[in-house]
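Numbers restart at 1 for each chain; the letters A, B, ... are given by sequence-line order, proteins then strands. These values consider heavy atoms only, across backbone and side chains, with no hydrogens, waters or symmetry-generated copies.
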Amino acid sequence: MTIPVKVRFAPSPTGYLHIGGVRTALFNWLFARSMGGKFVLRIEDTDVSRSTEESIQEIISAMKWLGLDWDEGPYRQMERRELYDRAVEKLLAEKKAYRCYCSAEMLDAKRKEALERKAKPKYDGTCRNLASAPDGTPFVVRFKVPAEGKVTVKDLLRGNVTFDNEELDDFIVQRTDGTPTYNFVVVVDDAEMEITHVIRGDDHLSNTPRQALMYDALGYPRPQFAHISMILGTDKARLSKRHGATSTLAYRDMGYLPDALINYLARLGWSHGDQEIFTRDEMVQFFNFDSVSVSAAVFNPEKLLWLNHQYIQNASLETLTTLLESLLIHEKVLPDNHGKTQEEIARPIPILKERSQTIKEMAEKADFYFREEIEIDEKAGKKFLTETAKPLLLELSSGLQDLNEITEATLEKLFKEIVEKADIKLGKLAQPVRVALTGNTASPGIYDVVLLLGKERTLKRLSDAIKFSPSNA
RNA sequence: GGCCCCAUCGUCUAGCGGUUAGGACACCGGCCUCUCACGCCGGUAACGGGAGUUCGAUUCUCCCUGGGGUCACCA
């Protein structure tokens, strides 16, 4: 009989949910799902001045977008105050914590001074054994850390990690304003929620001995810990705003598929042989800590792009249509109230998807199709809509008018005839036509473009192109 | 600086004492070709250094070096 697994993701709502946070959430989610356990979402908002409702909503939308569903929560710590207050009273009553009357200013000064002496900045224990309490002075509550001895933290990924108690100081459990602090609430909550495995970034490893001591003091059993590695930027520094878009929802707006992002993040620090692409079910099925790596991983945007391309190729037309529509609006190719049917939105997708790494790119490439009036790239027009090319366009135009059925085969026949008659290579015709129809020198195959635009729009653009003259020639 | 963690191609990684050190992204060639892509074929590229243990170390141990994290009335 084993205890069912219960894990949590506990972000602090002091900014948007970044990629590193998502990966922590993902590993928790994967572990919960693979073990048939529960996944809890808990908002750590005890820092009242920095927490925002906006961040909470952002975190929730990002989790939903990525399909990381939770079984309990979102809990908010500021709604659980009684729980922490009771635990503080208990620590105080059992003399495992004490009131400290030192002012923040005084402590800052001492810390600064210690740093200058190159000594360890550590609380000096002034109030640890105070005989009588000064009247009416504001106080914090500090946890009494044993002066000597060691704490050993058991970590699923790193084995036993031992810290000297001497390295730890009497950390604050409750602030002057009565709000509790992280190293304390995290323990109370994880214990009360019966979290069995604490899976988090390894930036928390150095906090763990304090928390381990807190579990012991409160009489709670310690959970299993698993500290996963951090994600670094290309410069090997921890991923931050400097490394471009770190807001998870920004990836949605850039046209990434949630499954692709999830797959990429899962492979960052986890592997299953040589496999690169996993369905969610496969990830859940294969996930385990034995194949999680402990060293930090550099975030590689190119590989994410490649994966996204793979996912685009395999996504259903329906999925792509929905995504493309929102990106077309987001990129202002179409207005909100465009009135287009799903079929119309879907039409260019088959010829665009193999050359799109993101849906945003797809939207940009679809521009020539969705806009009534195209803008001819100045350089492209100058180079290809020349006086020698225009007669060819004219000829194509009249040939097209005579075609009663436009198919790839009839188009190819028409193009070949014109090319043979003029004794030129296909490219000499195709490029000017391409510029005329799309405004650019790069596009899907020219027959596909004509087929997509249809006879009327093709003829219109051809005649516009024949009238084209470079403005700054 | 103290403490803690980490170390295979540029990047993500496989490897769990004996391998021509494998795969993927990126990069470089070639093929395909109406442009751009896709695709296909091929190539360059790694065990940070030094001591041990062992018949044998990428693999185990220690040291060095390097990188990262952390030292708040932030989480």
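Distance noted for atom P between C16(B) and A37(B): 40 Å (whole Å). Nucleotides U33(B) and C40(B) have their C1' atoms positioned 13 Å apart, rounded to a whole Å. If you take atom P in U19(B) and the same atom in G39(B), they sit 35 Å apart, rounded to whole Å. Atom C1' of C47(B) sits at a distance of 16 Å from the matching atom of G18(B), rounded to the whole Å. With C1' as the reference atom, A75(B) and U13(B) are 31 Å apart, rounded to whole Å. Atom C1' of C25(B) sits at a distance of 15 Å from the matching atom of A14(B), rounded to the whole Å. Atom P of U8(B) sits at a distance of 6 Å from the matching atom of G48(B), rounded to the whole Å. Between U58(B) and C5(B), the distance separating the two P atoms is 25 Å to the nearest Å.
In this entry the distance linking CG of Asp235(A) with P of U11(B) reads 13 Å, nearest Å. Taking atom CD of residue Gln174(A) and atom P of nucleotide C73(B), one finds them 14 Å apart after rounding to whole Å. The CZ-P distance, from Arg50(A) to A72(B), rounds to 14 Å in whole Å. Separating the NE2 atom of His204(A) from the P atom of U70(B) is a distance of 9 Å, rounded to the nearest angstrom. Look at NE2 on His309(A): it is 12 Å from C1' on C36(B), rounded to the nearest Å. What separates CD of Glu354(A) from P of U33(B) is a distance of 15 Å, to the nearest Å. Regarding Glu361(A), its CD atom lies at a distance of 10 Å from the C1' atom of C36(B), rounded to whole Å. Spacing between atom CZ of Phe299(A) and atom P of A24(B) amounts to 21 Å, rounded to whole angstrom units.
Comparing U13(B), U35(B), G69(B) by their closest approach to the side chain of Ser293(A) singles out U13(B). Distance from the side chain of Ala297(A) is smallest for C12(B) among the nucleotides C12(B), U11(B), G69(B). When distances run from any side-chain atom of Leu107(A) to the nucleotides C73(B), U11(B), G69(B), the shortest one goes to C73(B). For Ala442(A), counting side-chain heavy atoms from C-beta on, the closest listed nucleotide (C4(B), C36(B), A26(B)) is C36(B). Side-chain atoms of Val298(A) lie closest to C12(B) of the nucleotides C12(B), C71(B), A75(B). Of all nucleotides listed (C12(B), U35(B), C4(B)), C12(B) comes nearest to the side chain of Leu268(A). Nearest to the side chain of Lys303(A), among C12(B), U35(B), A26(B), sits C12(B). Closest to the side chain of Val140(A), from the set C71(B), C34(B), C73(B), is C73(B). Of the candidates C73(B), C6(B), C3(B), C3(B) carries the atom nearest the Phe163(A) side chain, counting heavy atoms from C-beta on. Distances from the side chain of Arg238(A) to the nucleotides U70(B), G68(B), A72(B) place U70(B) closest.
Within a 6.0 Å radius of CD in Glu166(A), no more than 12 heavy atoms belonging to other residues, nucleotides or ligands are found.
Note on Pro444(A): a base of the nucleic acid sits closer than 4.0 angstrom, heavy atoms only. Within the 4.0 angstrom heavy-atom criterion, only backbone atoms of the sugar-phosphate kind lie near Leu205(A); the bases stay farther away. At a threshold of 4.0 angstrom between heavy atoms, the contacts of Ser271(A) are confined to the sugar-phosphate backbone, with no base atom among them. In this structure, Ser229(A) reaches neither bases nor backbone, as no heavy-atom distance under 4.0 Å exists between it and the strands shown. Backbone-only engagement by Thr46(A) is indicated by non-hydrogen atom pairs under 4.0 Å involving sugar-phosphate atoms exclusively. When heavy atoms are screened at a 4.0 angstrom cut-off, Gly201(A) is found touching no nucleic acid atom at all.
Comparing Arg267(A) and Lys365(A), the nucleotide of RNA chain B nearest to each residue sits closer to the 5' end for Arg267(A). Checking Asp177(A) against Arg434(A), the closest nucleotide of RNA chain B that is more toward the 5' end is the one next to Arg434(A).
When Watson-Crick and G-U wobble pairs are counted only if both distances are under 3.5 Å, G42(B) pairs with C28(B). Across all strands shown, U35(B) has no partner, as no Watson-Crick or G-U wobble contact with both distances under 3.5 Å is found. Figure legend. C62(B) is base-paired to G50(B); pairs are counted as Watson-Crick or G-U wobble with both atom distances under 3.5 Å. Remark: G2(B) base-pairs with U70(B). Criterion, Watson-Crick or G-U wobble with two distances under 3.5 Å. Taking a pair to require two hydrogen-bonding distances under 3.5 Å in either a Watson-Crick or a G-U wobble arrangement, C16(B) remains unpaired.
With hydrogens and angles left out, the side chain of Asp274(A) and the base of G22(B) share a donor-acceptor pair within 3.5 Å. Donor-acceptor pairing under 3.5 Å, judged by distance alone, is present between the side chain of Asn207(A) and the base of A75(B). Side-chain atoms of Arg355(A) and base atoms of C36(B) include a donor and an acceptor less than 3.5 Å apart. No hydrogens or angles were tested; on distance alone, a donor-acceptor pair under 3.5 Å links the side chain of Thr176(A) to the base of C73(B). Between the side chain of Arg158(A) and the base of C5(B), no donor-acceptor pair under 3.5 Å is found. You'll find a donor-acceptor pair under 3.5 Å spanning the side chain of Glu276(A) and the base of G23(B), going by distance alone.
Counted by atom type alone, Thr358(A) and His309(A) present zero donor-acceptor pairs between their side chains at under 3.5 Å. Side-chain contact annotation: Glu148(A) with Asn165(A), donor-acceptor N/O pair under 3.5 Å absent. Side-chain atoms of His227(A) and Arg200(A) form a donor-acceptor pair, as typed in the model, at a separation below 3.5 Å.
Taking the centre of each ring, Phe287(A) and Phe27(A) come in below the 6.0 Å mark.
Evaluated for a ring pair (Phe, Tyr, Trp, His ring centres under 6.0 Å) with Tyr251(A), the options Tyr256(A), Tyr16(A), Tyr264(A) yield exactly one hit, Tyr256(A). Each of Arg128(A), Lys144(A), Arg210(A), Arg142(A) was scored for a salt bridge (Lys or Arg N to Asp or Glu O under 4.0 Å) with Asp170(A), with one residue passing: Arg128(A).
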* Take Asp45(A) and Arg50(A) through the salt bridge (Lys or Arg N to Asp or Glu O under 4.0 Å) test and state the conclusion after the steps. => CA-CA 8 Å; Asp45(A) 56 354; Arg50(A) 294 202 308 151; over 6 Å; no
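Using a 4.0 Å cut-off between charged side-chain N and carboxylate O, Arg461(A) and Asp464(A) make no salt bridge.
A sub-4.0 Å separation between OP1 or OP2 of U11(B) and a side-chain N or O of Lys236(A) is present.
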